[in-house]
Structure formats: structure tokens, C-alpha cells
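Chain A is the first sequence line, chain B the second, and so forth, proteins listed ahead of strands; every chain is numbered from 1. This structure is a prediction, so every number in the text was calculated from the model and none was measured.
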2 protein chains.
Amino acid sequence: MNETKLIIADDHELFRKGLAELLSKHEDIKVIKSVEDGIEFMNILKSNIEAHIVLLDITMPNMDGFQVLKEMKNLSSTIKPIVISMHNDGNYIAKCAKSGAYGYLLKNADETELTKAIRMVSKGSKYFSAEISEKMINFMSVQSVSEDILSNKETEVLGLISEGLTTKEIASRLFVSARTIETHRANILKKLEVKNTAELIKKAAKINLI
Amino acid sequence: MNETKLIIADDHELFRKGLAELLSKHEDIKVIKSVEDGIEFMNILKSNIEAHIVLLDITMPNMDGFQVLKEMKNLSSTIKPIVISMHNDGNYIAKCAKSGAYGYLLKNADETELTKAIRMVSKGSKYFSAEISEKMINFMSVQSVSEDILSNKETEVLGLISEGLTTKEIASRLFVSARTIETHRANILKKLEVKNTAELIKKAAKINLI
DNA sequence: TAGAAACTCCGTATAAATACGGATGTAAAA
DNA sequence: TTTTACATCCGTATTTATACGGAGTTTCTA
């Protein structure tokens, strides 16, 4: 028979348990492991466990879903990740797709959709619902994936700005001139299409840059 | 027999279903309804359904958990709300306790804790785990519940600041002098214990003021 | 290898925010 | 009723941020 072995990675105990319970009714799907963070999952992955799919939450402590996806790609794992997230934010979806997710489900998806996604991915297809695809496309048409918007230095500067440091303070902490930080600030404002610090921090918080 | 009838209010279909499945194993607990937002729950409440407990999510569309709690208090409902949230933020917890929640569970609580909470609340007690209580106490000791921190005017100004408006722009929009807005800004910074706009917006976003 | 980013730095100027230290009338709460 | 918080306003001064426009070096990539 064709049994799909899957792992659940989610930091919410009740969600994990409930999901396992829910899936136990389906004979072709078997939950073989249940972990609560990315690190734990990576350990399992490295132990060469035989599994087909991992239902992966994005927001997890220690190591989040994005990092897990990246690592899985590096290790060219054969386990196919389906992301289960509560964010129907185009940015999240796009990042997951880019990082090698085989599917993206919202936590308010229904059981039918969940099993459909698992079965499709199990057969080698990808599963992104119409709603999800649309969000992603809309997002990509207006702005690039946030990961790529800012350079490393800019991201670092943004972090310090959000801590409440002034340009001068940031400059001395990063051992560069204040002019440099001013330029970084200007570039960040431009890239995120905002006109001052207040708007900047709000937007950065929204798209989870900080 | 003493069967506890409960309602689940959560916008995540999978969570709802999973939870129901999980609880179905317990004979003394019966899930009688499952709704996906606050409005839907209020309708059920008004239909005089017989239920003992509602497992209430905070972040829901249309009408969130806080509003539901407030409304339930107004209607002096006999259904006892247990909040299930993913935020272990002292501010959230304190607001719920203040609004009449009988319990507060994190979504990463385990099954044992869930059933324990349900049974205790069913018997008339309240259930706040040691961890949750601690968070709440820590929070309240350092700052009052966010709802009460800022005055109405200050909240309004904060909103406009976060939109990227300058002091002058805000002043003309609110038909007052720029000085007034400067004072408001200063007071807001002081109340939230931050030293500039960047930190302000970050904090405001964090405690969901904007 | 050529070109594009990224990172660094500079000058000049204006706009905006923050830090002081006041003041008044009104409304709500103790 | 007395106190307290709120909302409004003012002056002076300094610090920060933003807006221009430019340029050299390195590093990565097509």
C-alpha cells in the first residue's frame, strides 16, 4: 500500500496533537513524528528517518520554518515540506515558495484541503491553493521578496534604528562615519518607500524585518 | 452525569477540528458548537444556547476575543470563557483577566493542561497556570494595561505618527497648534518609556497600540 | 571581464524632533 | 471639594533626520 509518512513540526502542542488526531482517521497517512521546533526537526532529519512529508510551521522558537527550509535545501533532503502558517501574507508565501516548500496551507484551511495537499505533494505535485497563489502573485507584482529588499548592512542598521539608536550612535557602534549611516538610512527609506522613521519602523514591523 | 458542554471559537479551521477531535476522547467534555469568528459566536450566545464554556481565541476576524469578552460581560452571560491564545504577552493576559476570562491557555499548552483548565472552570474555579500568572504579574508591576496607558488624544496622535505624518501635518489635521502635538509626542514618549520615534513605533506595534 | 550592487565617505542645507521650563481652563475622580 | 489628569498653548535651544548631489573601493555576478 501507499502510506504517506509524515512529520509535524509546530510549537503549539495542542495544534500538533489535534492535527495528529485528525489525520489518524485517514488510513493512507501516518504521522510518525511530532516535534516542537526547527532544531528538533533538523536532528530528526539528520538521523535519516524515512519520511515523505513534513508539515512545517513558520513561527517556531530556536529555528524558524524559513531556516528549516533553507537547511533542507542545502542538505537536499527528500522530505517534502508543506508549510502550515497562520499568515496569509504574500511576503511569507513568496519566501516559502522560493525556499522550496511544496505547499502552503493556512491554519484556517479545512481538513479536506489538508489531506488534498498531503496527497498531492506525496505524489510529487505541489499544492498552493488559488487564494494562496493569488496573494503571492499580488505581492510579487508590487514588491520584491523582503529578504532581498535590504542589503545585510542595511538590515543591520535598521535593527539598530528600531532599538532607538541615533545615527551617530549607530555609526560609532559599527565603526563607520555618521555619513555612512545617513546614506544607509536614506537608502532604506527609499527601498521601503516610506518617508520617515515612524513609517519605516511600522512597515518593517509589518513585513517582519525586525 | 456531569457533562461539560463547550463551544470553540477560533478562526483556524484545522485548530478547531483538531481540538474537537482531541476532546472527543474525553467523555465528560462535549464540543457542541464550533465557530470561526466573534460575530458568529455572539449570534450563538444570543440564541440562548445551553453551554458551559467557550474556548476563545483572541485573534479572530470581524470581532476579536477582547470584544467578545467585553460583550459577554455586558450581557452577563453564564458561559465561562477560557482564552486560548498564542501570545504569552503579559499585556494580553492582563487584558483578558480584566475582561472576565476564567482561564488563559497558550496554544502550546498540552492536552492535560487543556482538560484540567476545562474541568476546573467547569467547577467554577479559574485557571491561570503558574507561568501565565507570572507573566501577568510581571507585566502589571512594570506598566499598566496598555489600553489605559495613553489618553484618547495621545492614541490618535500616535496613530497619525505611525502613518508617517510630521508634527506639523498632524497639527493641521487635528486643527490645533504644532506645540500641542509636540507636547503630546513628548508625553507619549514618556509614558511608553522610549526615547525617540523609532523606538516608539516599535513598542507601539509590539503592544498592539497601532 | 564588464557591469552592477554594496559599502564607504563628503558638503551644504533645511526640516523635524527632542529637551528644557513654563501656563491655563476643564473635566473627572478621590 | 480638592486634587488629578487632560488638552491646549508658548519660548528657546540643541540635536537629529532628511534632501540634495557626488565619488571611490570592493565584491559579486552575468
Side-chain angles (χ1 to χ4, degrees), chain A residues 70 73-74 98-99 140 143-205 207 209-210, chain B residues 98 140 142-205 209-210:
Chain A
K70 208 173 287 177
K73 220 176 180 179
N74 288 343
K98 202 180 152 194
S99 307
M140 298 211 289
Q143 60 190 296
S144 55
V145 183
S146 72
E147 173 185 305
D148 301 328
I149 291 180
L150 300 184
S151 69
N152 287 339
K153 204 36 93 177
E154 284 162 352
T155 306
E156 191 179 5
V157 171
L158 173 56
L160 295 173
I161 292 172
S162 80
E163 300 295 334
L165 301 198
T166 65
T167 295
K168 208 178 289 177
E169 287 166 344
I170 296 171
S172 70
R173 181 173 303 195
L174 300 186
F175 306 108
V176 295
S177 121
R179 300 287 182 181
T180 305
I181 303 303
E182 280 170 26
T183 307
H184 285 317
R185 281 189 95 117
N187 291 335
I188 294 170
L189 290 182
K190 202 172 179 185
K191 284 188 180 178
L192 294 189
E193 293 167 344
V194 292
K195 65 175 191 297
N196 59 31
T197 307
E199 233 188 321
L200 168 66
I201 301 295
K202 192 187 175 193
K203 179 148 191 178
I207 62 179
L209 252 32
I210 53 175
Chain B
K98 202 180 153 193
M140 297 209 292
V142 290
Q143 60 190 291
S144 55
V145 183
S146 73
E147 166 185 309
D148 301 326
I149 291 181
L150 300 184
S151 69
N152 287 338
K153 208 32 101 178
E154 285 162 351
T155 305
E156 191 180 5
V157 171
L158 174 56
L160 295 173
I161 293 173
S162 79
E163 299 295 333
L165 301 198
T166 65
T167 294
K168 208 179 288 178
E169 286 166 345
I170 295 171
S172 70
R173 181 173 305 194
L174 300 186
F175 307 108
V176 296
S177 123
R179 301 288 182 180
T180 306
I181 304 303
E182 280 170 28
T183 307
H184 285 316
R185 282 189 93 117
N187 292 335
I188 294 170
L189 291 181
K190 202 173 178 184
K191 285 188 180 177
L192 295 189
E193 293 168 344
V194 292
K195 66 175 191 296
N196 59 29
T197 307
E199 233 189 322
L200 168 66
I201 301 294
K202 192 188 175 192
K203 179 148 192 180
L209 250 32
I210 53 174

When rounded to whole Å, the CD to C1' distance for the pair B:E169 and D:dA17 reads 15 Å

When rounded to whole Å, the CG to P distance for the pair A:N196 and C:dA15 reads 16 Å

| query | Any Lys/Arg nitrogen of B:E156 or B:K153 sitting under 4.0 Å from an Asp/Glu carboxylate oxygen of the other? | reply | yes

Presence of B:K168 side-chain N/O under 4.0 Å of C:dA16 phosphate oxygens OP1/OP2
yes

Look at all strands and tell whether A:T197 reaches a base, only sugar-phosphate, or nothing, counting heavy atoms closer than 4.0 Å.
sugar-phosphate

- OP1, OP2 of D:dA7 versus side-chain N and O of B:T180: anything below 4.0 Å? no

Taken to the nearest whole Å, CG/A:L165 to C1'/D:dT15 is 15 Å

Would you please confirm or rule out a distance under 4.0 Å between OP1 or OP2 of D:dC6 and any side-chain N or O of B:K191?
yes

Here the distance between atom C1' of D:dG11 and atom CD of B:E182, to the nearest Å, is 11 Å

With the side chain defined as heavy atoms from C-beta on, B:T166 is closest, among D:dA17, C:dC7, C:dA17, to C:dA17

Against the side chain of B:L189, the closest entry in C:dC9, C:dA19, D:dT8 is C:dA19

Taken to the nearest whole Å, CG/A:L174 to P/C:dA6 is 17 Å

CZ of B:R179 to OG1 of B:T167, rounded to nearest 0.5 Å, is 11.0 Å

Q) Ignoring hydrogens and geometry, is there a side-chain-to-backbone donor-acceptor pair from B:N196 to B:E199 under 3.5 Å? A) yes

Note: for A:R179 and A:H184 on DNA chain C, the residue whose nearest nucleotide lies more 5' is A:H184

Rounding to 0.5 Å, atoms CD1 (A:I201) and NZ (A:K203) come to a distance of 13.0 Å

Whole-Å distance, B:I188 CD1 to D:dC6 P, equals 12 Å

One should read off an interatomic distance between B:L174 CG and B:E169 CD, to the nearest 0.5 angstrom, of 11.5 Å

Whole-Å distance, A:R185 CZ to C:dT8 P, equals 16 Å

Would you say the base of D:dC10 and the side-chain of B:S177 have a donor-acceptor pair closer than 3.5 Å?
no

Atom CG of A:N187 and atom C1' of D:dA19 are separated, to the nearest Å, by 13 Å

Comparing nearest nucleotides in DNA chain D, the 5'-proximal residue of the pair B:T183, A:K195 is B:T183

Tell me whether the side-chain N/O atoms of B:T167 come closer than 4.0 Å to OP1 or OP2 in C:dA17. yes

